[in-house]
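Below is one structure, written out as structure tokens, with a few remarks after it.
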Amino acid sequence: MADLLIGSDQANDTERVAVDGIVEGYGPARVEEHARMVRGGGQRRHERRHLLLPALHALQHSEGWISPGGLNYACEQLQVPPAEAYGVATFYEMFRTDDPGHVDDVVHVCVDGPCQVAGAAQTIEALKAEGKHVHASPCLGQCERPVAQFIQGRRRPDNVEADAFVDPAESVPQKGDPGLRLLRRAGRIDPTSLESYIGAGGYKALAKAFERGASDVVEQVVTSGLMGRGGAAFPTGIKWRGVAAEPGGQADPSQPKYVVVNADESEPGTFKDRVLIETDPFAVIEATTIAGFATGATKGWIYIRGEYPLATERLENAIAEAHKAGFLGDGIARSSFNFEIEVRRGAGAYICGEETALFNSIEGFRGEPRQKPPFPTTNGLFDRPTAINNPETLVNVLDIVLDGGDEFAKIGTETSSGSKLFCLSGAVNKPGVYEVDFGATLGDMLELAGGVVGDLSAVLLGGAAGSFVTADQLDLPLTFEGVRAAEVSLGSGVVMVFNTDADLNAAVVRLAEFFRNESCGQCVPCRVGTQRQHEIAVDLFTPSGNAARVANPAQTFDDLDRVMKDASICGLGHTASTALRSALDLGLLSIGDNEQGGRE
Amino acid sequence: MSANGHETPVSLTIDGQRVTVASGSSVLDACTEAGVATPTLCYSENLTPVNACRVCVVEMEGSRTLVPSCSRQAEPDMVIETDSERVRHSRKTVLELLGSGVDLSQADELGQWVTHYEADVERFGAGRATMEEPIRIQDELYIRDYDRCVLCYKCVEACGDDAQHTFAIAVAGRGFDARIRTEFDTALPDSACVYCGNCVAVCPTNALQFKTEFDLREVDNWRPEEQSVTRTVCSYCGVGCNLELHVQDETIVKVTSPADHSVTDGHLCIKGRFGWTYVHGA
Amino acid sequence: MLWGSNAREAHPIFFHHLMKGLDNGAKMFSVDPRRTSSSKFADVWLGLNVGTDIALANAVARHIIINDWHNKDFIAHSTEGFDEFAAAVEPYTLERAEEITGVPAIAIAELAEAYAKAETAQILWTLGITEHHNAVDNVFSLCNLALLTGHVGRWGSGLVPLRGQNNVQGGGDMGALPDKLPGFQAVTDPESRAKFEAIWGVPVPPKPGLHLTLMFEAMATRELKAVYCIGENPADSEADILHARKMLGQLDLLVVQDIFMTRTAEMADVVFPASVAWAESEGTVTSSERRVQRVRAAVPPPGEARDDIEIIGALAAAYGSVWNTQTPEELWDELRSLSPLHKGMSWDRLEAEGGIQWPCPSDDHPGSPFLHGWLWEDDLGGRGPAPFTVVEHEGPKEQLSEEFPLRLTTGRALDSYNTGVQSGSLNSPIRYGYTIDVSPADAARIGIDGGETVKVSSPRGSVEMEARIVADLAEGLTFTTFHFPELVDSNILTSDAWDKKSGTAEFKAASIRIEKLKETVSG
């Protein structure tokens with residue numbers, strides 16, 4: 001499209017092959033049809049920009065970093081300006097743009113939450129002593145098995161070693177319990193087999209959806225009272241109704257509409273979607289297809305964490321199998337409904353769990369959130385109407401379609417219908433993903449997870465963006481209305497348990513650091529606010545800090561909290577100080593331990 | 001917009017005052033209409049709002065958070081407060097955050113707002129992280145002093161699809177470590193830069209400066225209050241770009257273009273921006 | 001359709017507007033022998049052989065006609081000569097056009113279809129169309145396409161020649177044409193002359209003067225013995241420059257009025273140092289889109305330099321004629337009283353509105369964003385229908401030969417301008433200097449590398465230049481700018497052929513040979 005100036009650094013053969021593999025199928029952005037006829041233009045360039053993220057993954061994978069030559073080659077093929085591509089590459093934790101000087105795998109070690117408590121620092125030292133290349137990583141979504149590790153492979157698949165010998169269903173201690181709804185198939189079917197899925201009732205919901213018709217499916221979801229399970233708790237049916245009402249999509253595929261599955265599960269302490277996808281991937285695919293049918297969307301995109309190789313593999317397998325069997329593609333199940341699903345891997349950025357940042361990430365731009373309004377239902381992915389849902393939310397739809405919204409609404413409480421997955425981690429005897437009908441209390445959950453190991457100090461409810469609660473809140477009902485009344489949040493269902501042995505000061509400083517590292521940098525309150533919050537937390541709550549440097553810490557934290565809540569663009573900034581504030585308010589932190597240990 | 005395509009004006013309330021603005025106007029436009037001055041940093045009338053700086057936030061009835069006035073479209077019957085305690089608090093704290101990490105000494109307009117809101121840029125304590133970037137002087141036309149950069153994205157937009165479509169620079173990195181960069185920090189003359197100077201023209205903090213200005217500042221001889229600004233037409237191609245010649249001591253020291261001119265929208269090319277040296281026989 | 005224009009570099013801010021259109025979904029075709037930076041924005045680039053524009057345009061026309069995509073209502077109502085035109089383009093089949101132009105038939109067909117079927121479409125051109133020996137015919141060939149499809153005289157559609165200089169349009173407005181008075185009124189028209197004579201108080205000669213190229217011919221025959229040259233540097237800018245310098249050298253009197261001591265000024269008997277029009281003087285200029293805008297003095301002129309108006313006035317006084325119109329505003333008001341196109345543009349309005357596009361016949365007229373709207377009026381605004389003009393492909397005057405097998409074409413670079421007298425002092429970090437662009441295939445054949453100094457010869461002379469290998473350049477084509485005459489006289493190479501209708505020289509199509517310089521024997 002443009003007269004791009006691409007530098008003189010050349011890609012090597014490996015890098016070329018890597019990029020070509022991604023561009024294949026779409027064709028490059030510029031085509032020389034003849035020595036005197038070249039096709040280019042904005043249209044082709046825009047249609048290919050979304051290949052940038054996969055191309056960067058391919059480059060990183062091929063050489064262990066994104067070299068100037070490799071970047072140039074990708075830019076040439078996709079007609080992306082190199083400066084923009086570099087801006088995208090440097091946005092993600094999993095990419096590096098400097099030569100690592102080695103060609104080995106890199107072990108990412110989680111330093112958040114339970115992994116921090118379980119000794120991540122020592123693990124890192126031990127791995128380094130073994131001569132491994134280690135990268136300290138934010139939460140890897142394996143909180144039930146600390147200290148979590150993820151291996152970024154060079155020229156071999158990324159992997160999680162634990163996956164090779166631990167059945168993901170082991171992360172579901174309730175597996176086989178007849179009361180389970182979302183997890184009913186976990187550990188009971190072969191997650192790689194469509195046949196096995198169908199044998200367990202799979203694809204009945206899609207057939208039922210066709211029978212009901214699109215608008216009835218939407219109305220059933222509205223009636224069900226289903227609320228989004230990703231953290232924002234927005235009514236799913238209302239979202240779908242909005243998208244269904246927009247023009248285009250199935251009625252006019254030249255004006256597409258989309259369903260996006262937000263499987264970028266990056267909230268520290270959250271691993272439910274990973275377990276759900278790893279144990280029952282076809283359910284996610286079927287539910288996404290139903291969402292497409294109901295909203296009139298033409299295509300589904302699943303955006304999954306880059307650190308989830310097994311879940312990614314299982315989704316891709318499920319899509320291929322569903323395609324073979326006619327559950328995806330043109331004329332699904334002999335209907336006139338055409339639908340495709342494409343999987344996109346994230347590359348390590350918490351912010352990409354924010355829906356509009358996720359769109360930008362898929363589109364090949366920096367994962368920076370967009371201002372809302374306009375909302376995704378009218379201006380979503382590629383600026384088209386988009387229904388974006390969490391995997392757990394979507395899987396609920398299967399039962400809603402089969403049993404009707406009224407039946408679903410009877411489960412749980414009046415205003416929190418259905419069941420909920422909770423991620424129990426930290427100081428409990430049986431960490432894992434638990435499913436309960438809405439109404440269970442915090443104490444019930446701890447009991448379900450085998451009780452607290454040692455003496456309970458605090459529970460981080462809702463993840464890094466959530467709040468601490470203490471032992472006197474064990475009868476807190478974990479329902480939307482219950483947490484609202486207590487001015488806390490369910491978030492993505494995180495119940496991270498700290499006992500009295502855990503260093504809460506360190507945990508809170510790490511939370512502040514997490515937000516500082518994960519802020520996209522777009523808006524001032526969050527970009528600088530998270531930085532200052534972390535600096536002050538270090539000064540106040542670590543032995544090496546200088547508490548005297550901060551004139552009025554309580555006021556300062558309060559002001560940072562307010563400005564980030566009031567003036568940040570997105571939820572990351574809005575919640576970046578919530579956990580810290582709650583810990584302060586509950587008196588969980590010991591300020592001033594460090595007055596002697598000050599530094600200049 | 002009504003069915004026949006004619007746009008209906010929008011009436012809303014700003015600080016208790018009813019104002020009417022054209023459909024498609026922003027809340028910021030409505031504030032201006034109401035005679036309310038609003039601090040802005042990343043906003044420019046010739047660029048798409050990126051709403052990154054958040055100094056223009058206002059309180060809107062029914063909204064949980066404050067809203068950026070520059071990028072929020074005015075809607076009928078909105079009730080906006082621009083000087084509530086919440087608004088003052090956010091604007092003040094945003095200015096404090098900016099000032100704590102960035103050298104705002106040449107951001108004249110912003111400095112006035114720092115005073116207005118009594119923002120204390122020292123409050124976070126000494127020795128806090130700042131931008132910490134060396135001055136980049138890589139040619140005779142620009143300098144880049146990112147110590148002064150507030151990451152307002154204006155330069156990126158002016159270089160990119162809001163005007164020049166050259167895309168020589170972008171935001172790289174993340175969070176507090178984000179910086180404006182060419183790819184791999186390639187020196188500007190080796191990058192895609194075509195030296196239109198549109199990035200420099202939109203920079204609100206003097207992080208980007210014309211070398212002429214920088215050189216005069218270095219010898220303490222930059223006297224904007226004494227400069228005359230004369231509007232004329234570029235002497236090169238036939239497009240008719242309007243130039244504003246900034247003259248000090250009978251010498252042109254800077255060339256800009258009015259942002260509200262329909263030919264340029266404030267943007268120029270290398271010839272119009274820098275091709276004046278012959279006037280002084282250079 | 002961007003045809004023979006590298007607006008991205010030659011008209012950068014115009015191109016901003018074009019890019020906005022592209023961002024909003026407009027489709028763009030670029031017709032240019034080179035895949036220029038402008039062409040890179042195009043959905044389709046058509047790389048035609050230099051000087052084959054008419055063949056391409058006629059083939060586009062034929063393809064539109066045989067597919068019945070032409071605008072029959074518009075043709076019937078607003079044009080004449082369609083049948084002759086249709087018959088004349090009939091031989092320009094896609095196949096024949098491909099043979100002549102080098103552009104594949106499918107590209108021509110695609111262009112024809114897109115242009116004909118577009119709701120609105122514009123043809124934009126620059127010197128790629130006009131710096132040819134058949135410049136006017138080239139322009140007619142594009143006008144024919146607009147008449148064929150009705151893409152003219154409507155908002156969003158039209159024919160857009162992009163002017164290369166800030167006031168080349170204004171020069172025309174003010175009558176700096178051999179056959180026109182200010183406001184494009186013919187000198188041959190007694191009524192027009194009478195109007196001017198009444199104000200000026202002197203008779204206006206009814207005979208059209210000579211355009212630049214004819215002036216040089218008249219110098220050769222000694223019909224023209226004295227030249228007063230204002231703001232032009234023909235000793236560097238003329239094609240076949242050695243000849244031009246010889247002509248200037250044999251004049252009896254050469255007076256040059258300029259802001260620079262140009263090569264032409266150095267040859268002059270008398271030099272009037274002038275002030276810089278746009279920074280040291282008051283006045284108006286007219287841009288490409290007929291927008292009249294004010295220029296203003298921001299700095300005082302150096303030394304003895306004086307305003308052009310003052311110099312000419314003083315010269316008149318020396319001849320014994322005292323002019324009473326002295327200020328720019330007074331002169332402007334005189335123009336308004338004589339030129340209906342400018343009548344409504346008062347000095348105050350120009351100040352207040354920033355610029356007005358002519359025609360602006362009255363004080364309350366807003367100015368005209370486009371011309372030829374009358375084509376769509378029921379009575380054609382009282383005019384006759386617009387004629388199709390039959391034009392035939394000729395090709396460049398200077399054919400390639402065994403001795404000079406390469407085609408040389410010329411153009412501008414982004415950071416430079418014409419002969420470099422203005423842009424030369426700009427310390428541009430992106431200037432690549434005086435180079436000749438060569439395709440990789442030709443470079444390999446000749447055995448030269450990028451950066452190597454080579455000998456470039458045309459039938460008129462030889463220069464040494466640095467070769468730059470450009471991957472996008474078609475085999476057989478070479479390119480250079482004309483910005484650095486003090487370094488390389490590239491106009492030694494350019495052709496002396498010129499268009500009898502417009503007087504424009506064929507800068508765009510010379511034949512050359514490139515040779516490796518003999519290796520320097522060292523040590």
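We use all heavy atoms of the structure for the numbers below, so side chains are in, but hydrogens, waters and symmetry mates are not. Residue numbers begin at 1 in each chain, while the letters A, B, ... track the order of the sequences.
- No side-chain heavy atom of B:V239 sits under 4.5 Å from any side-chain heavy atom of C:R163.
- Highest contact tally toward chain C, considering only B:Q138, B:K211, B:R231, is held by B:R231 [criterion: heavy-atom pairs under 4.5 Å].
- The contact between B:D265 and chain C is made entirely by side chain atoms (from C-beta outward), counting heavy-atom distances below 4.5 Å.
- Of the atoms belonging to C:E9, it is backbone heavy atoms, and not side-chain ones, that fall under 4.5 Å from chain B.
- One distance of note links CD1 of C:I13 with CG of B:N242; it measures 11.5 Å at 0.5 Å rounding.
- A pairwise comparison of heavy atoms in B:S235 and C:N166 identifies CA-ND2, 3.5 Å as the closest pair.
- Counting heavy atoms from C-beta outward, C:P300 and B:E250 have side chains that approach closer than 4.5 Å.
- Both the backbone and the side chain of B:T166 come within less than 4.5 Å of a heavy atom in chain C.
- Both the backbone and the side chain of B:Q164 come within less than 4.5 Å of a heavy atom of chain C.
- Residues B:H261 and C:Q293 form a side-chain contact, since some pair of their non-hydrogen atoms from C-beta on lies under 4.5 Å apart.
- The contact between C:E280 and chain B is made entirely by side chain atoms (from C-beta outward), counting heavy-atom distances below 4.5 Å.
- For chain C, the nearby parts of B:S262 are the backbone and the side chain; heavy atoms of each come within less than 4.5 Å.
- By the neighbour-count criterion of 12 heavy atoms within 6.0 Å, atom CG of B:D220 is sparsely surrounded, having that number or fewer from other residues, nucleotides or ligands.
- Neither the backbone nor the side chain of B:L188 comes within contact range of chain C; no heavy atoms are under 4.5 Å apart.
- Using a 4.5 Å cut-off between heavy atoms, C:H17 touches chain B through its side chain atoms alone.
- Contact check for B:C234 versus C:W278: no side-chain heavy atoms found under the 4.5 Å cut-off.
- A 6.0 Å sphere centred on CD of C:E119 holds no more than 12 heavy atoms belonging to other residues, nucleotides or ligands.
- If you measure heavy-atom distances from B:H246 to chain C, you find no contacts under 4.5 Å at all.
- Heavy atoms of other residues, nucleotides or ligands lying less than 6.0 angstrom from CD of C:E266 number more than 12.
- Here the closest non-hydrogen pair linking B:A163 and C:H16 is O-CD2, 3.4 Å.
- In plain terms, the two heavy atoms of B:C193 and C:I430 that are nearest each other are O-CG2, 3.5 Å.
- Between the side chain of C:R296 and the backbone N or O of B:T230, no donor-acceptor pair lies under 3.5 Å.
- Interatomic distance, C:K20 NZ to B:D161 CG, rounded to the nearest 0.5 Å: 11.5 Å.
- Here CG of B:L141 is found 6.5 Å from OG of C:S428. Values are rounded to the nearest 0.5 Å.
- For chain B, the nearby part of C:A10 is the backbone; its heavy atoms alone come within less than 4.5 Å.
- Neither the backbone nor the side chain of C:A277 comes within contact range of chain B; no heavy atoms are under 4.5 Å apart.
- Looking at C:L162, there are no atoms closer than 4.5 Å to chain B (heavy atoms on both sides), in backbone or side chain.
- B:N198 touches chain C through its side chain: at least one heavy atom from C-beta onward sits under 4.5 Å away, while N, CA, C and O do not.
- Neither the backbone nor the side chain of B:C196 comes within contact range of chain C; no heavy atoms are under 4.5 Å apart.
- Side chains of B:H165 and C:F15 form no contact here, defined as non-hydrogen atoms less than 4.5 Å apart.
- Contacts of B:V247 with chain C are made by side-chain atoms alone, with heavy-atom separations under 4.5 Å and no backbone atom involved.
- Using a 4.5 Å cut-off between heavy atoms, B:V263 contacts chain C through both its backbone and its side chain.
- Contacts with chain B were tallied for C:S37, C:G164, C:P12; C:G164 has the most, counting heavy-atom pairs under 4.5 Å.
- The local environment of CD in B:E109 is sparse, with at most 12 non-hydrogen atoms from other residues, nucleotides or ligands closer than 6.0 Å.
- Interface check for chain C: of the options B:C237, B:G272, B:G240, the most heavy-atom pairs under 4.5 Å are formed by B:C237.
- Residues of residues 284-291 of chain C that come within less than 4.5 angstrom of chain B, heavy atom to heavy atom, are C:V285, C:S287, C:S288, C:E289, C:R291 in numerical order.
- Atom OH of B:Y195 and atom CG of C:N427 lie 10.5 Å apart (nearest 0.5 Å).
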